[in-house]
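Before any comments, here is the structure.
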Amino acid sequence: MKQKLEKLLSQAIQKLNLPPVPIVLELPKQKGHGDLATPAAFLLAGPAKKSPRDVAELIVEKLKPLPSWIEKAEVAGPGFVNFTIHHCAYFETLGNIFKQKGKFGSSRWGEGKKIILEFVSANPTGPLNVVSARAAAVGDTLANILKAAGFKPHREFYVNDVGHQIDLFTQSLEARRREARGEEAAIPEGGYQGEYLKDLAQKITRGDFRSEGLKAMVAWQKKSLKNFGVVFDRWLHQSALMKGPKFSKTLNVLQKKGHLYEQEGALFFRATAFGDDKDRVVRKSGGEYSYFASDIVYHADKFARKFDRAIDLFGPDHHGYVARTQAGVQALGFDPKRLTILIVQQVNLVRGGKVVKMSKRAGEMITMDDLLEEVGKDAGRFFFLMRSGNTHLDFDLDLAKKHSLDNPVFYVQYAHARIASVFRKAREYKIKFRPAAARADFFDLPEEKELVKRLLEYPEVLLRAAKELEPHGLAFYCLDLAKQFQSYYSRAKEDPRYRVVDPDNLPRAQTKLYLLKNIQIVLQNALGLMGISAPERMEGKE
RNA sequence: GCGCCCGUAGCUCAGUUGGAUAGAGCACAAACCUUCUAAGUUUGGGGCCCCAGGUUCGAAUCCUGGCGGGCGCACCA
């Protein structure tokens, strides 16, 4: 419908001998401004040497005679052209949604390109925290969104199982074991104090502490993520990457291109040549390679594995690494645009209106497992997805676990469940839903047209989320759609024309069931992408 | 000091890439239950879009300079 109108408009502009301009069609915010509007006349006012209003008038003239699906086209305001679309045309579009079902909203924008998303990638030294949970929700949902937009996404977790932190972890674990045997032992400076190491130290009976300890931590993180609905395609261990031939090969490439130099016994990468503020150490003077070295190799490996694009989600404490990582990729000769680094910002847990203070040292931590247990997967994911990833998030624990409709995730799920409930009611009345029995002439209430307009927005919302790599638009869309539906539904109390299940008027009932089914499809699609369940009925009333 | 992010209703935040009179939820005030789920809906008040310049038909949105907040600036990962 939109495309058809765009075409008509560009034809009209051509007939006026005006230069082609990109046609923008937007949904007017104001009621009374029609269903679609274009500001095209503003862009053409200059070349035409006329006022925007006059140009708009000319365009409307040239559009005549209007096709039957356009009710009217009028000039308004300083030069907008507003179109009112016949409600039958909206009814027709429902057929598309109904036919496409779970595919409605998908596109081929990504052209089947392979895209790797690396996220969470927390150190295997302890349980996952709430920022990791946020990264998991955002990363996983982005992968789903990109898939719907025509990419082939791959989820990867990079396990940093090498280096100083791992040494500390091993030493802490050993200290806990000696402690358990009644020996005197101290956790090393900067080591890991958490209680979980006490349990772990007792469980490990054979093999070496380092590898068994890491194995247990990775398994734990894997389990936490699975409970949150996030399953990675691959867990890549840094140690494996460093053992392979790729490591020296990649560094040789940098060496040959002259991007490395030695100074004071250390090997430096000339990151400043690519926009970073400092050159970065690749091999320390002690002979060990830095974390950064392995990260460059990892990114080279991503592109060597034929991924067209790579997306990294970094935690708030790593944003100083963005410039050097981009620099590394560029120095290796890859187009830096192929790598996008997103920052997942800090999470403040709020309880009773106050930020929950956490201290890692004192062991006062709320982990991802704690959060999941307290608020559940659905609320957890929805709350993380309500905000853009790169802004700080206040996570209201009290609200998230409320089983009432103040809770946005419940509100959306309730809309879905309510539709399911209407269908159950229809069966009680022996009304068998037949989509083909829906009729345009019973699709006549203004709210119904508005609802379909909302449904038609969904593909654009989804595509936009994919382009911007921002899932929060989807969450807001669900809320808007749910609200619009609830409002429509509620009118049945005062006005029988809004009642769906009316055994005395079967065509009307069928038409409304058809509309509701389409709303349900879109809600299911959106919730599905976010990894949130779409329940048939709401339970657990408090 | 340098870099990145942020500043919109009392609070938490949207704002369709520069469009019409800036929106939602919560909170506050009021109205509606012989119902397809009131676990709901409707209405109302509430704004120097941090400040000052600039760009143009038009700015919350873009540019410059400030102010305020967060984070980062290791031969740690």
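Since the structure is predicted, the reported quantities are computational estimates derived from the model, not experimental observations.
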Looking only at atom P, what distance separates B:rU61 and B:rG53, rounded to whole Å? 14 Å
How long is the line joining OH of A:Y477 and P of B:rG23, in whole Å? 21 Å
According to the Watson-Crick and G-U wobble definitions, with both distances under 3.5 Å, which nucleotide is paired to B:rU34? none
Write down the distance between CG (A:D317) and C1' (B:rG3), rounded to a whole number of angstrom. 16 Å
Describe the nucleic acid contact of A:Q238 in one word from base, sugar-phosphate, nothing, applying a heavy-atom distance below 4.0 Å. sugar-phosphate
Please state the P separation for the pair B:rC6 and B:rC62 - nearest whole angstrom. 10 Å
Report each atom pair, protein N/O against N/O of nucleotides 24-34 of chain B, whose distance is under 3.5 angstrom.
unit_1, atom_1, unit_2, atom_2, d
B:rG25, OP1, A:K483, NZ, 2.6

Could you work out, with side chain to side chain contact (heavy atoms under 4.5 Å, CB included) as the rule, every residue matching A:Y489, not counting sequence neighbours? A:R418, A:V422, A:F485
Candidate nucleotides B:rG40, B:rA14, B:rA20, ranked by approach to the side chain of A:R418 - the nearest: B:rG40
Taking ring-ring contact (aromatic ring centres under 6.0 Å, His included) as the test, write out the residues that go with A:H33, two or more places apart. none
Pairs involving residues 49-60 of chain A, ordered by first then second residue, that meet side-chain hydrogen bond (donor to acceptor under 3.5 Å, both in side chains) (sequence neighbours left out): A:S51-A:D54
Residues A:E470 and A:R464 bridged, charged N to O under 4.0 Å: no
Donor-acceptor side-chain pairing of A:Y498 and A:E447 below 3.5 angstrom: yes
Using atom CZ of A:R537 as one end and atom C1' of B:rU37 as the other, report the distance to the nearest whole Å. 10 Å
For B:rC33, decide between syn and anti, treating a glycosidic angle within 90° of 0 as syn. syn
Return the pairing partner of B:rC28 with a 3.5 Å limit on both distances, Watson-Crick or G-U wobble; otherwise return none. B:rG44
Can you tell me if A:Y488 and A:E448 form a side-chain donor-acceptor pair at under 3.5 Å? yes
Considering only the C1' atoms, how many Å lie between B:rG47 and B:rG7, rounded to the nearest integer? 15 Å
What are the two closest heavy atoms between A:S172 and A:L197, and how far apart are they? CB-CD1, 3.7 Å
Both distances below 3.5 Å, Watson-Crick or wobble geometry, any strand: find the nucleotide opposite B:rC73. B:rG1
Sequence-distant partners of A:K493, salt bridge (Lys or Arg N to Asp or Glu O under 4.0 Å), two or more places apart: none
Of the options B:rG40, B:rU16, B:rU37, whose atoms approach the side-chain atoms of A:Y414 most closely? B:rU37
Does B:rG40 have its OP1 or OP2 closer than 4.0 Å to a side-chain nitrogen or oxygen of A:Y488? no
Is a donor-acceptor pair below 3.5 Å formed from side chain A:H319 to base B:rG3, judging by atom type as modelled? yes
CD of A:E74 versus P of B:rA20: gap in Å, rounded? 17 Å
In whole Å, measure the gap between the P atoms of B:rG65 and B:rC28 for me. 45 Å
Salt bridge (Lys or Arg N to Asp or Glu O under 4.0 Å) filter on A:E189, not counting sequence neighbours, yields none
Could you tell me the separation between the CD atom of A:E536 and the P atom of B:rA39, rounded to a whole number of Å? 20 Å
Just to be sure I understand the geometry, which residues of residues 285-295 of chain A put a non-hydrogen atom under 4.0 Å away from RNA chain B? A:S285, A:Y291
Considering heavy-atom distances to RNA chain B, does A:A492 or A:A482 have its closest nucleotide positioned more toward the 5' end? A:A492
Would you mind classifying the nucleic acid contact of A:E494 as base, sugar-phosphate or nothing, using non-hydrogen atoms under 4.0 angstrom? nothing
Integer angstrom distance from the P of B:rA60 to that of B:rC49: 8 Å
Please determine if a side-chain N or O atom of A:S421 lies less than 4.0 Å away from the OP1 or OP2 oxygen of B:rU37. yes
Checking A:K430, A:R424, A:K425 against A:E428 for salt bridge (charged side-chain N to carboxylate O under 4.0 Å, His left out), the one that qualifies is A:K425
Inter-nucleotide C1' distance (B:rG10, B:rG45), Å rounded: 13 Å
Choosing from B:rU37, B:rU41, B:rA14, which nucleotide comes nearest the side chain of A:H472? B:rA14
Output every pair passing side-chain hydrogen bond (donor to acceptor under 3.5 Å, both in side chains) with a member in residues 267-276 of chain A, not counting sequence neighbours, ordered by first then second residue. A:T272-A:D279, A:D276-A:R280
Nucleotides 54-63 of chain B: protein proximity per nucleotide (B base, S sugar-phosphate only, - neither; heavy atom, under 4.0 Å): ---B------
At under 4.0 Å between heavy atoms, what does A:A426 touch on the DNA or RNA strands: base, sugar-phosphate, or nothing? nothing
Testing B:rG70, B:rC75, B:rG40 for proximity to the side chain of A:V281, the answer is B:rC75
With sequence neighbours excluded, tell me which residues meet ring-ring contact (aromatic ring centres under 6.0 Å, His included) with A:F383. A:F395
Measure from CZ on A:F80 to C1' on B:rG19 and round the result to the nearest Å. 4 Å
Measure from the ring centre of A:H33 to the centre of the six-membered ring in the base of B:rA20, then say whether that distance is under 5.5 Å and the planes meet at under 30°. yes
What's touching nucleotides 5-12 of chain B from the protein side, N or O pairs under 3.5 Å?
unit_1, atom_1, unit_2, atom_2, d
B:rC5, O2', A:N390, O, 3.1
B:rU12, O3', A:D394, OD2, 3.4
B:rU12, O2', A:R387, NH2, 2.9

Do A:H319 and A:I341 have side chains that get closer than 4.5 Å, going by heavy atoms? no
Taking atom P in both B:rU8 and B:rU12, compute the distance separating them and give it to the nearest angstrom. 8 Å
Which listed nucleotide (B:rG70, B:rU41, B:rC75) is nearest to the side chain of A:S487? B:rU41
Under a 3.5 Å cut-off for both distances, is B:rA9 Watson-Crick or wobble paired, and to whom? none
Using the C1' atom on both, measure B:rC63 against B:rC26 and round to a whole Å. 37 Å
Do the two ring centres, one from A:Y158 and one from A:H237, sit under 6.0 Å apart? no
Partner set under side chain to side chain contact (heavy atoms under 4.5 Å, CB included) for A:N123, not counting sequence neighbours: A:T125, A:N160, A:Q165
Residues A:S294 and A:Q238: side-chain donor-acceptor under 3.5 angstrom: yes
In whole angstroms, the gap separating C1' of B:rC4 from CD1 of A:I343 amounts to 8 Å
Between A:A137 and A:L385 the two heavy atoms that sit nearest each other are O-CD2, 3.7 Å
Whole-Å distance, A:Y489 OH to B:rU42 P, equals 14 Å
